[in-house]
Amino acid sequence: MKKFKTNTDSRVVISELMLPSHSNFSGKIHGGYILSLMDQIAFACASKHSEAYCVTASVDKVDFLKPVEVGELMTLKASVNHVGTTSMVVGVRVESENIQTGKVKHCNSSYFTMVAKNDKGKSIPIPGLILENETAIRRFVRSIIRKEDAQIRRNRFKESEFELEAHLEILSKYNVKVNL
Ligand SMILES: CC(C)(COP(=O)(O)OP(=O)(O)OC[C@H]1O[C@@H](n2cnc3c(N)ncnc32)[C@H](O)[C@@H]1OP(=O)(O)O)[C@@H](O)C(=O)NCCC(=O)NCCS
């Protein structure tokens, strides 16, 4: 019988103190370091849901809304928003807290598509998702729309369909010089 799990079964939260060794030249935490932690927590969450090792298939747009400072306590929260046959969309939210003031800021959020694999590296079916509340339903539906939008973006500007002349005028409004 097919297995179904709730997203609370696989939810993961980690907190880490931001050390000077993770900072860039202006004293803020490296974006790359934050992305690496986001990938790790997405992996943990997807692996818990699928009960298998997972790989990252894609990462959605990441906007760095606020910088993370050295000495802050960064918290990452991950949950499964959507499941396909072998893939899961894991939503990751990053917040950072000033320990002295207790002020918490939302630093970024993104969506990681993770695929479950067996020992031979083959993609394998994963459990279904039980949607227990309105938030879970909203997140699932948003993922469907995001996937559809990504598909449309992928299909645009295929080399075989690109019409050069039709786009030269658009380029005249941008900070470029066409030098064919
Ligand atoms: C991404 C990858 C897993 C696709 O696996 P695959 O078995 O070859 O491809 P499939 O077409 O069968 O796709 C498997 C699933 O991944 C999804 N998928 C594949 N590529 C995707 C992409 N770029 N974005 C989002 N989802 C993707 C498919 O929609 C499918 O989902 P479903 O089963 O839920 O419908 C495979 O290309 C891969 O292993 N890439 C390298 C991953 C990697 O090295 N990551 C970084 C280190 S972990």
Side-chain angles (χ1 to χ4, degrees), residues 1-16 18-19 21-24 29-65 68 74-96 106-162:
M1 202 172 71
K2 187 166 167 51
K3 191 170 177 179
F4 285 85
K5 294 168 80 171
T6 69
N7 63 11
T8 32
D9 293 330
S10 55
R11 189 162 290 153
V12 182
V13 179
I14 55 168
S15 290
E16 188 172 308
M18 291 297 108
L19 303 176
S21 54
H22 301 138
S23 68
N24 59 25
I29 300 303
H30 274 298
Y33 181 67
I34 298 170
L35 290 175
S36 159
L37 289 179
M38 291 172 80
D39 189 51
Q40 283 177 41
I41 195 170
F43 170 88
C45 178
S47 299
K48 277 181 84 171
H49 181 83
S50 60
E51 296 161 22
Y53 283 113
C54 295
V55 294
T56 311
S58 78
V59 183
D60 204 67
K61 183 167 170 285
V62 185
D63 292 315
F64 290 94
L65 306 172
V68 179
M74 190 164 85
T75 297
L76 299 98
K77 299 175 185 170
S79 62
V80 174
N81 287 355
H82 178 278
V83 294
T85 307
T86 66
S87 70
M88 291 145 276
V89 176
V90 177
V92 179
R93 182 182 170 95
V94 180
E95 292 175 346
S96 194
H106 176 209
C107 297
N108 69 53
S109 295
S110 191
Y111 304 95
F112 287 66
T113 301
M114 313 297 292
V115 178
K117 295 275 181 180
N118 67 10
D119 293 343
K120 296 188 172 66
K122 186 176 176 305
S123 306
I124 51 167
I126 55 168
L129 190 62
I130 300 169
L131 303 174
E132 288 185 301
N133 50 48
E134 197 177 320
T135 303
I137 294 170
R138 182 174 54 81
R139 287 177 176 166
F140 195 93
V141 174
R142 275 186 70 182
S143 289
I144 297 172
I145 305 292
R146 205 176 297 106
K147 276 170 177 283
E148 288 172 358
D149 289 349
Q151 187 64 41
I152 293 167
R153 275 201 306 277
R154 265 197 298 278
N155 290 338
R156 286 184 80 192
F157 292 108
K158 279 189 180 162
E159 201 175 345
S160 55
E161 293 163 14
F162 183 69

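In listed order, ligands and their atoms are each counted from 1.
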My question is simple, although I want it checked carefully: is [atom] less than 4.0 angstrom from any protein heavy atom?
atom	answer
atom 33 (O) of ligand 1	yes
atom 44 (O) of ligand 1	no
atom 40 (N) of ligand 1	no
atom 1 (C) of ligand 1	yes
atom 9 (O) of ligand 1	no
atom 12 (O) of ligand 1	no
atom 48 (S) of ligand 1	yes

Is it the case that N81 and S143 place a side-chain donor and acceptor less than 3.5 Å from each other? no
Can you see whether S36 engages D39 through a side-chain donor-acceptor pair at a distance of less than 3.5 angstrom?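 Looking only at side-chain atoms, D39 and S36 do not form any donor-acceptor pair under 3.5 Å.
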For the residue pair E51 and K5, establish whether any side-chain heavy-atom pair is separated by less than 4.5 Å. yes
With a 4.0 Å cut-off on heavy atoms, is K117 in contact with ligand 1? yes
Atoms of ligand 1 close to S123 [distance to a heavy atom under 4.0 angstrom, numbered from 1]: 5 (O), 6 (P), 7 (O)
Using a 4.0 Å cutoff against the non-hydrogen atoms of T56, which atoms of ligand 1 qualify?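 Under 4.0 Å from T56, ligand 1 has these atoms: 42 (C), 43 (C), 45 (N), 46 (C), 48 (S).
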Structural part of T85 in contact with ligand 1, heavy atom criterion under 4.0 angstrom: both
Which is it for V55 and ligand 1 at heavy atoms under 4.0 Å: side chain, backbone, both or neither? both
Would you check if the side chain of [X] reaches a backbone N or O of [Y] as a donor-acceptor pair within less than 3.5 Å?
X	Y	result
H82	I144	no
S79	R11	no
T86	I124	no
S123	K117	no

Output the distance between atom CD (E95) and atom CG (N108), rounded to the nearest 0.5 Å. 10.5 Å
State the CD1-CG distance between I29 and N24, to the nearest 0.5 angstrom. 8.0 Å
Between T86 and ligand 1, does any nitrogen or oxygen pair lie at a separation below 3.5 Å?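 Such a contact does occur with ligand 1.
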Starting from [atom], find the nearest protein heavy-atom neighbour and note its residue, name and distance.
atom	result
atom 26 (N) of ligand 1	T113 CG2, 3.4 Å
atom 16 (O) of ligand 1	V115 CG2, 3.3 Å
atom 18 (N) of ligand 1	A57 CB, 4.3 Å

Could you give me the CA-CA distance, side-chain angles and deciding distance for T75 and S15, then say whether side chain to side chain contact (heavy atoms under 4.5 Å, CB included) is met? CA-CA 4 Å; T75 297; S15 290; 2.8 Å; yes
What do you reckon, is OH of Y33 surrounded by more than 12 foreign heavy atoms closer than 6.0 Å?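 It does: Y33 OH has more than 12 such atoms within range.
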Selection from A42, S87, S58 by shortest heavy-atom distance to atom 24 (N) of ligand 1: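 Closest candidate by heavy-atom distance is S58.
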